[in-house]
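Working notes, structure below.
Excluded from the calculations below are hydrogen atoms, water molecules and symmetry mates; all remaining heavy atoms, backbone and side chain alike, are included. Computed from a prediction, not measured in an experiment: that's the story for all the values here.
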Amino acid sequence: MRRAMAEAEVGDDVFGEDPTVRQLEEETATVLGKEASLFVPSGCMGNEIAIGVHTRPGQAIFLDRFSHVVQVEARAVMEMLGCRFAVREGNRGRIAPEEVDAARAGTEDGTLGLLEVENTHNYASGSVYPAAVMDSLARAARRRGLPLHLDGARIWNASVATGATPAALAAGADSVMVCYSKGLGAPVGSAVLGTKAFIQEARGVRKMFGGAMRQAGIIAAGALHALRHHRERLIEDHARAKRLAEAFAATEGLAIDPGDIETNIVITSVKGPHERLPEFVRAVAAQGVLISPFGGPGRFRAVTHLDVDDAGIDRAIAAVRSAARSVLVP
């Protein structure tokens with residue numbers, strides 16, 4: 001990947017003249033089955049660009065309350081784009097099509113202007129929407145006259161977990177955001193996809209957010225290498241995440257249902273006083289393993305990726321068990 005980045009042919013992407021960026025955008029659009037895509041610095045910006053194209057100030061977005069857009073991107077969406085959230089409690093982050101049918105067109109949060117879903121769902125331990133459910137959600141959105149935006153930061157994981165292609169998972173979405181810098185292992189970069197007309201408008205919103213780049217082919221080359229070579233291996237991350245979950249479930253002081261782990265995110269709770277979590281995280285870090293407080297009081301997240309091999313999983317299990325014995329067990 002680093003060799004590809006060092007050797008990348010570059011141009012000025014603001015003027016659409018970077019050949020490596022163009023190649024990445026074209027190949028990503030093909031993989032996702034969309035007309036066009038736009039390279040952006042981050043997944044947050046990609047989501048926010050899509051919202052900026054689809055909505056108008058004062059409109060509300062119908063989505064799960066633990067979606068990344070609500071938990072991380074709310075300030076940009078509300079203060080910069082003028083939108084509000086019509087949130088609901090998902091089933092491990094997932095919205096059912098009948099909930100879209102039943103949603104009121106006008107709420108105290110504004111007139112509905114967009115349906116947003118996340119696949120896989122970060123705050124729900126990487127839960128997956130199967131392709132059939134995505135199709136049903138798309139039909140429900142069309143019945144309501146709502147565009148559907150898919151936060152597909154980890155759509156690659158959803159594809160490997162379900163056996164459906166990324167294009168099948170994204171088929172009904174009017175726009176999609178995908179990340180190259182998570183499971184695929186690129187150092188930076190995401191893309192937002194849709195029709196050619198959508199992407200033309202998205203370029204203007206990207207500039208508004210300060211996301212226009214110049215010789216971006218250097219980082220696009222890393223993303224292109226990841227897209228071409230790192231998707232199929234994600235099944236290894238899923239197997240290692242399951243190992244982590246099973247080991248954590250068997251560790252005194254921790255609580256997790258391994259059956260909830262479908263992809264590469266393992267969110268676990270500490271038993272007893274939640275105030276022990278910071279000390280527990282520090283005790284794990286002291287042994288060279290990093291976990292993050294995440295998703296609510298007393299919960300932490302561990303994520304598997306291509307830089308963590310089987311030996312790394314063994315090391316992580318040992319560190320967590322040792323910290324649990326010293327901090328969590330009376």
Side-chain angles (χ1 to χ4, degrees), residues 1-54 68-69 72-73 76-77 80-81 122 149-157 159 166-167 170 173-231 233-234 305-307:
M1 184 185 285
R2 291 191 177 192
R3 183 164 55 252
M5 294 171 70
E7 297 172 354
E9 184 180 359
V10 300
D12 191 330
D13 183 49
V14 169
F15 292 97
E17 296 172 351
D18 191 300
T20 307
V21 172
R22 291 203 306 267
Q23 186 67 39
L24 173 64
E25 291 172 341
E26 290 169 6
E27 291 194 20
T28 302
T30 297
V31 171
L32 272 295
K34 298 301 181 185
E35 288 185 0
S37 75
L38 178 67
F39 188 46
V40 297
S42 71
C44 289
M45 184 180 288
N47 281 334
E48 291 151 17
I49 287 170
I51 292 169
V53 174
H54 286 308
H68 195 273
V69 168
V72 179
E73 302 167 43
V77 172
M80 297 182 69
L81 298 175
N122 186 14
H149 173 63
L150 169 59
D151 178 347
R154 298 173 178 84
I155 196 171
W156 326 111
N157 296 89
S159 174
D174 297 282
S175 60
V176 189
M177 184 278 290
V178 299
C179 280
Y180 308 109
S181 61
K182 296 190 169 58
L184 298 190
V188 64
S190 295
V192 60
L193 303 96
T195 64
K196 291 179 181 179
F198 173 89
I199 293 302
Q200 183 63 34
E201 191 171 351
R203 286 188 177 276
V205 181
R206 184 181 71 170
K207 190 151 190 155
M208 180 188 77
F209 275 109
M213 298 176 283
R214 296 295 182 178
Q215 284 71 42
I218 295 171
I219 54 175
L224 188 58
H225 180 91
L227 181 70
R228 290 172 173 173
H229 300 291
H230 291 173
R231 288 188 286 142
R233 63 148 306 279
L234 291 172
H305 52 85
L306 79 171
D307 295 311

**Request:** In sequence, state the C-alpha distance, the side-chain angles, and the governing distance for K207 and V14, and then conclude on side-chain contact (heavy atoms from CB on, under 4.5 Å).
**Result:** CA-CA 9 Å; K207 190 151 190 155; V14 169; 4.1 Å; yes
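- When every heavy atom of L306 is checked against every heavy atom of G185, the shortest pair comes out as CD2-CA, 3.7 Å.
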**Request:** Kindly determine whether V40 and F209 satisfy side-chain contact (heavy atoms from CB on, under 4.5 Å), including the steps that lead there.
**Result:** CA-CA 10 Å; V40 297; F209 275 109; over 6 Å; no
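- The main-chain N or O of G11 is never found under 3.5 Å from a side-chain atom of E17 such that the two would form a donor-acceptor pair.
- When all heavy atoms of F39 and G189 are compared, the closest pair comes out as CE1-CA, 3.8 Å.
- The two residues H68 and D151 come nearest to each other via the heavy atoms CB-OD2, 3.8 Å.
- The structure places CD of Q200 at 10.0 Å from CG of L38, a figure rounded to the nearest 0.5 Å.
- Interatomic distance, L224 CG to E26 CD, rounded to the nearest 0.5 Å: 10.5 Å.
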**Item:** Derivation and outcome, side-chain contact (heavy atoms from CB on, under 4.5 Å), residues V21 and V10
**Value:** CA-CA 8 Å; V21 172; V10 300; over 6 Å; no
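- The distance from the CZ atom of R206 to the CD atom of E48 is 14.5 Å, given to the nearest 0.5 Å.
- A heavy-atom distance below 4.5 Å is found between the side chains of L32 and I155.
- For F198 and H54, the ring centers are positioned less than 6.0 Å apart.
- Rounding to the nearest 0.5 Å gives a distance of 10.0 Å between NE2 of H149 and CG of L193.
- Ion pairing between a basic and an acidic side chain is recognised when a charged N comes within 4.0 Å of a carboxylate O; R231 and E27 show no such pairing.
- Side-chain contact check for I218 versus M213: every heavy-atom pair is 4.5 Å or farther apart.
- Side-chain atoms of K34 never come within 3.5 Å of backbone atoms of V176 as a donor-acceptor pair (strictly under, hydrogens ignored).
- Considering CD of E25 and CG of D18, their distance stands at 9.0 Å, rounded to 0.5 Å.
- Residues D13 and A216 share a closest heavy-atom pair of CB-CB, 4.5 Å.
- Counting all heavy atoms, side chain and backbone alike, G43 lies closest to C179 at CA-SG, 3.9 Å.
- Listed here is the closest heavy atom pair of E73 and C44: OE1-O, 3.4 Å.
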**From CA spacing to verdict: side-chain contact (heavy atoms from CB on, under 4.5 Å), S190, M177** = CA-CA 7 Å; S190 295; M177 184 278 290; 4.2 Å; yes
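- Between the CD atom of Q23 and the CG atom of L227 there is a distance of 10.0 Å, given to the nearest 0.5 Å.
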